[in-house]
> 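Got a structure for you, written out below as structure tokens; questions coming shortly.
Values in this document were obtained by computation on a predicted structure and should not be read as measured data.
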Amino acid sequence: MGWRRWLSARWEERHSAERRIQQEMLTHLEEAADDLERTGVPPERARAQARERFGSLEQHFREARRVRVRALRRARRSERTHGLLHDVRFAWRSLRARPRFALAAALMLGAGIGTATLLSSIVDTVLFRPLPFADPEHLVHLRGPYLTLAGGRPFPSTDEQLDWRPRIAQAFEDVAAYHPMPYSVNLSNRGEPVEAGLTEVTGNFFSVLGQRMLLGRYFTSSDAAGDPATRPAVVGERLWRSHWGADPAVVGAEILVDGRPHRVLGVVPMTAQLPASVDVWVVMGESWDTTYVHGARYFRFVGRLRADAAPEVVEADLRGLQADFETLLDGRERPMSVNRLHTDLVGSASAPLWLLLGGIGLLLLIAMANLASYLLVRSRARHSEYCVRAALGAGRRRLLQQSLAESALLSAGGLAVASLLASWAVGLVRSSDLPLPRLESLSVDWRLFSIGLVVSCACAVLFGLGPALYASRPNVAAGLGGDARSGRGGLHRPREILVIGQIALAVVLAGGAGLLGRSYAELRLVDNGFRSDVLTFATRLDDGTFEQLSDAHAFAHTLVDRLRALPTVAEVGASTLLPLAPRNNFAIRYRVDGQPEPPDDAWTAFSAMTPGFADALGVRLLAGRDFTADDREGASPVAIVNRSFVQIHFGTRDPAAALDATLREAASDDGPAFRIVGVLDDLRRGGPDESTGPEVFFPLAQRRQRAEFFAVRPNGDPATVVTAARTIAAELAPTLPLHDLRTMEQRLHRTLTQPRVLAWLFRAFGAASVLLASFGLYAVVTYWVAARRHEIGVRMAVGATGGRLCLRLVAEGSARLGAGLLLGLLAYFLAVRAIDTSLLFGVGVYDPGTLAAVLGAVGAATMIGVAGAARRVVRLDPVEALRSD
Amino acid sequence: MGKKQSSTVSLRGTLDLMVLGVLTDGPQHGYAIARTIHERADEEIEVEEGSLYPALYRMEERGWVRASWGRNDNNRRVRVYTITAAGRRHLEHEREAWVGFSRAVAKVVGLRGG
């Protein structure tokens with residue numbers, strides 16, 4: 001009812017109430033006057049007396065009116081409530097009468113909201129939430145090979161002592177160092193020893209971070225400088241819960257780390273720890289200045305910029321610092337990367353996450369389109385019902401109220417499903433080991449949840465209100481007529497548009513799936529330069545088992561020799577570097593006597609290995625020889641280079657050109673010289689998608705590094721090799737555990753986790769979207785058939801054959817499909833520009849083969865839907881069809 | 001019932017009581033009710049007749065009386081009030097309370113008897 005009518009109705013109501021009261025009171029006065037007249041009082045006197053006996057007319061009238069008006073208002077209110085309750089109950093009954101619809105709609109709604117919430121929660125947690133440290137904007141991360149600490153010597157040995165700390169002092173409040181990759185130690189307090197991940201950090205590490213503690217406190221530089229007998233330690237929440245059962249008595253407890261006593265000062269919360277996968281933090285070395293680096297261990301640095309630095313100033317400082325490093329190192333070593341801590345921890349996750357978000361977003365759109373289409377169909381069917389109700393006198397408001405009640409119930413159902421799904425899925429993802437940073441602090445973001453809820457409910461309401469709005473228009477008679485049931489009319493067109501949209505989106509998703517799938521396939525095909533069936537493991541070098549370098553070398557060589565002696569071992573070797581294993585990115589420049597200076601960016605990785613290592617790993621020897629036992633300490637210094645090195649320094653692809661040339665470090669003019677005795681093929685150290693670069697190899701015996709990695713090429717069953725290796729190692733060094741036992745295939749698998757997961761996910765998205773779109777088209781065509789039954793019946797009766805009609809339907813369906821595919825192609829070209837090409841490998845975004853395959857797949861799948869629907873036409877009995885209207 | 005009623009038996013409440021008491025003998029319209037009250041009370045109570053109507057409307061809202069159109073002796077169109085079952089129940093309840101109240105007042109004021 002319009003507000004004007006409402007107002008006038010209210011006025012009428014009040015007016016008539018007043019009139020009734022007036023009438024009653026006047027009648028009363030008349031009767032009283034009559035009675036008095038009967039007893040002989042003159043008329044004037046009688047009326048006056050009656051008035052007197054009545055009391056103040058004014059006052060009583062007003063009070064009476066007040067009571068009446070209040071009563072009327074109350075009656076109206078209760079009618080409204082009663083009406084609302086009735087509508088809700090009616091909506092519930094009508095939904096129960098069609099349980100499949102209600103369930104399907106609620107599920108679709110819930111799945112949509114739930115999935116959207118999950119994805120956006122992930123993105124928010126991983127990418128956007130600030131790091132859980134004090135003032136994280138001012139935390140800077142420095143990564144790189146450069147390790148000089150004042151007074152110490154950098155590694156590898158160069159003769160200069162460069163100190164960058166004074167430069168740092170201008171920009172930073174303080175700088176701390178840590179080992180980013182934890183290594184296994186044996187932790188014991190009162191019971192069974194447990195393996196834990198340990199990292200060493202400088203004393204000021206936690207102060208620089210502004211670490212939040214769960215229990216107790218963290219250690220500081222003063223603790224670090226204290227009595228070495230009570231070395232301070234800090235444990236992580238995960239270990240605290242699993243090993244100490246969340247007992248607060250852990251604070252102050254004494255624990256043994258590989259046999260050395262430490263005192264636990266506090267517990268770090270799981271959601272705020274750096275590095276993410278560590279269980280125990282101890283102080284490194286004795287002090288910042290005298291830490292000595294063993295072998296291939298490496299540091300990263302965390303610095304806190306001066307607090308008075310504004311963000312733009314911070315940025316400028318970072319760039320300046322980076323430039324400073326480059327100038328400082330003057331081309332001797334590759335400079336550090338300097339970034340905000342947030343960028344380094346999270347940055348690499350952003351491209352795939354955005355892609356994932358895009359994919360899920362599209363899938364959700366398709367699913368929502370399905371839901372909308374579903375609701376439209378339902379509303380169509382109920383159109384005549386609403387018209388009948390309107391004809392019977394239901395006001396517009398009542399009709400809207402009823403359909404709103406239904407939409408509200410559906411939304412409530414969707415809400416329940418969504419919150420269950422979101423909570424469960426978030427818990428699942430959090431406890432999985434997806435390679436996403438900050439996963440442990442993942443939680444459902446209820447803000448995003450409510451946004452999704454509001455949006456989806458708005459959609460449900462909109463589509464639910466359709467028929468009610470339509471029916472409450474004046475021209476209801478037309479709706480009651482045949483028009484409502486013959487399939488003409490506005491509600492079919494939106495469904496077609498929805499389906500075309502769905503097909504287009506399906507093309508985009510399938511395209512994404514195609515690209516990512518091919519990328520992954522290409523990655524798997526790359527020749528990495530080593531064999532994948534090689535067994536590898538690592539030892540720990542920093543534990544003090546071998547004080548002397550010679551002891552360490554002896555261990556490595558003995559282990560290698562004894563393993564080689566086994567019949568199950570084909571070849572074995574040790575090295576300071578292993579492909580796909582954590583490495584330090586050391587790189588310097590070399591030059592070759594008699595050859596031109598190498599370019600500025602010819603950063604060359606170097607490592608030391610035992611004879612047979614390259615062979616064990618399956619790296620091809622292109623020219624010359626491998627190291628032998630004769631290349632030992634004191635013998636003439638030799639080196640092996642790789643193919644890229646030859647290309648860069650000798651300008652030729654012929655490996656033999658490098659043999660017998662003399663190699664030196666580019667930085668020093670009179671440093672040691674090495675004779676090149678062999679050339680190996682290139683290795684992809686970082687994985688299939690990293691480019692190869694120049695490398696130099698030295699014999700382990702001639703270097704001051706300690707070998708950490710072992711590679712064993714088995715001659716049969718790798719399992720026996722594993723036990724043998726452990727036994728022999730235990731014999732030679734009982735306290736030294738072997739860890740990280742994996743084949744190269746397993747390492748490769750791990751390295752390729754992200755492209756593999758992405759490809760898999762998008763394949764799922766693509767399949768789901770094609771299914772939904774196909775179903776959508778099937779539903780549309782089916783409905784079209786059902787709506788035109790009468791017409792089809794007529795045609796059949798007049799002589800059209802089922803086949804021709806079928807063909808006609810297929811043509812109609814194909815027209816929609818074609819439109820969808822075309823639109824999809826356009827959308828694909830638009831969408832694909834937003835993909836970060838670092839996610840793709842070996843395939844361009846406009847790759848025609850992929851596109852053709854995608855269009856073909858989507859087209860074929862959708863056509864099945866059309867064909868299935870069209871077949872039903874053939875089954876139609878013309879007589880029944882004629883009768884149907 | 002025997003529930004002790006505190007002195008909430010106000011003037012309004014007493015009027016309601018009297019109206020209901022009158023209506024137990026049969027439906028009547030406003031003026032007739034006023035006259036019956038006057039007669040039965042032996043003219044000892046002065047009730048402003050006009051205050052009857054707000055009371056009647058309130059009781060109608062509460063469901064103690066029901067109103068309908070009718071004709072009086074002079075064939076005038078009047079609104080006739082009938083007591084309902086709920087009204088009767090309320091009357092019973094208030095009767096008891098009233099007895100208790102008047103007894104209490106009598107005691108306080110020092111009267112004997114009832």
> As an exercise: rank A:R53, A:R74, A:M25 by heavy-atom pairs under 4.5 Å with chain B and give me the winner.
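Top count of heavy-atom pairs under 4.5 Å with chain B: A:R53.
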> With side chains defined as the heavy atoms from C-beta onward, is the minimum distance between B:V78 and A:E24 less than 4.5 Å?
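With C-beta onward as the side chain, the pair stays apart.
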> With a 6.0 Å cut-off (strictly less than), is the heavy-atom count around CZ of A:R100, excluding the residue itself, greater than 12?
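Not buried by this count: 12 neighbours or fewer within 6.0 Å.
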> Looking at side-chain heavy atoms only, is the closest gap between A:D35 and B:R35 below 4.5 Å?
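A side-chain contact under 4.5 Å exists here.
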> Is it true that atom CZ of A:R73 has more than 12 heavy atoms of other residues, nucleotides or ligands lying nearer than 6.0 Å?
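Counting other residues, nucleotides and ligands, CZ of A:R73 stays at 12 neighbours or fewer.
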> Do other residues, nucleotides or ligands put more than 12 heavy atoms under 6.0 Å from A:W11 CH2?
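Atom CH2 in A:W11 is not crowded, with 12 or fewer foreign heavy atoms closer than 6.0 Å.
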> How close do B:A67 and A:R20 get, counting heavy atoms only, and between which atoms?
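Scanning both residues completely, I find the closest heavy atoms to be CB-NH2, 4.5 Å.
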> Will you find, in the side chains of B:E48 and A:H60, an N or O donor that is under 3.5 Å from an N or O acceptor?
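The answer is yes; a qualifying pair exists.
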> Quick one, B:R76 with A:E31, criterion salt bridge (charged side-chain N to carboxylate O under 4.0 Å, His left out). Give me CA distance, side-chain angles, the key distance, then yes/no.
CA-CA 9 Å; B:R76 276 204 192 87; A:E31 268 190 278; 5.5 Å; no
> Just so I understand: if I count every heavy-atom pair under 4.5 Å between each of A:Q23, A:E30, A:E52, A:R65 and chain B, which residue has the most?
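Of the options given, most contacts go to A:E30.
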> At a heavy-atom distance under 4.5 Å, which candidate from A:Q59, A:R66, A:R70 has the highest pair count against chain B?
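It is A:R70.
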> Given the rule in the side chain to side chain contact (heavy atoms under 4.5 Å, CB included) test, do B:Y53 and A:F54 qualify, once you have shown the distances and angles that lead to the verdict?
CA-CA 11 Å; B:Y53 289 95; A:F54 192 84; 3.9 Å; yes
> Of the backbone (N, CA, C, O) and the side chain (C-beta and beyond), which part of B:A32 lies under 4.5 Å from a heavy atom of chain A, both, or neither?
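For B:A32, there is no contact with chain A at all, as no heavy atom is under 4.5 Å.
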> Can you measure from CG (B:L56) to CD1 (A:I21) and round to the nearest 0.5 angstrom?
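Going from CG on B:L56 over to CD1 on A:I21, the span is 11.5 Å.
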> Taking everything shown except A:W92 itself, do over 12 heavy atoms lie less than 6.0 Å from its CH2?
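Open.
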> Less than 4.0 Å between a side-chain N and a carboxylate O, is that true for A:R68 and B:E60?
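Here B:E60 pairs with A:R68 in a salt bridge, since their nearest N and O are under 4.0 Å apart.
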> Of the non-hydrogen atoms in A:A64 and B:Y57, which two are nearest, and what is the gap between them?
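Result for this residue pair: CB-CE1, 3.5 Å.
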> If you draw a 6.0 Å radius around CD in A:Q22, do more than 12 non-hydrogen atoms from other residues or ligands fall strictly inside?
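Check passes, neighbour count above 12.
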> Applying salt bridge (charged side-chain N to carboxylate O under 4.0 Å, His left out) to B:R58 and A:E63, what does each step give before you reach the verdict?
CA-CA 10 Å; B:R58 250 195 309 275; A:E63 201 186 329; 3.5 Å; yes
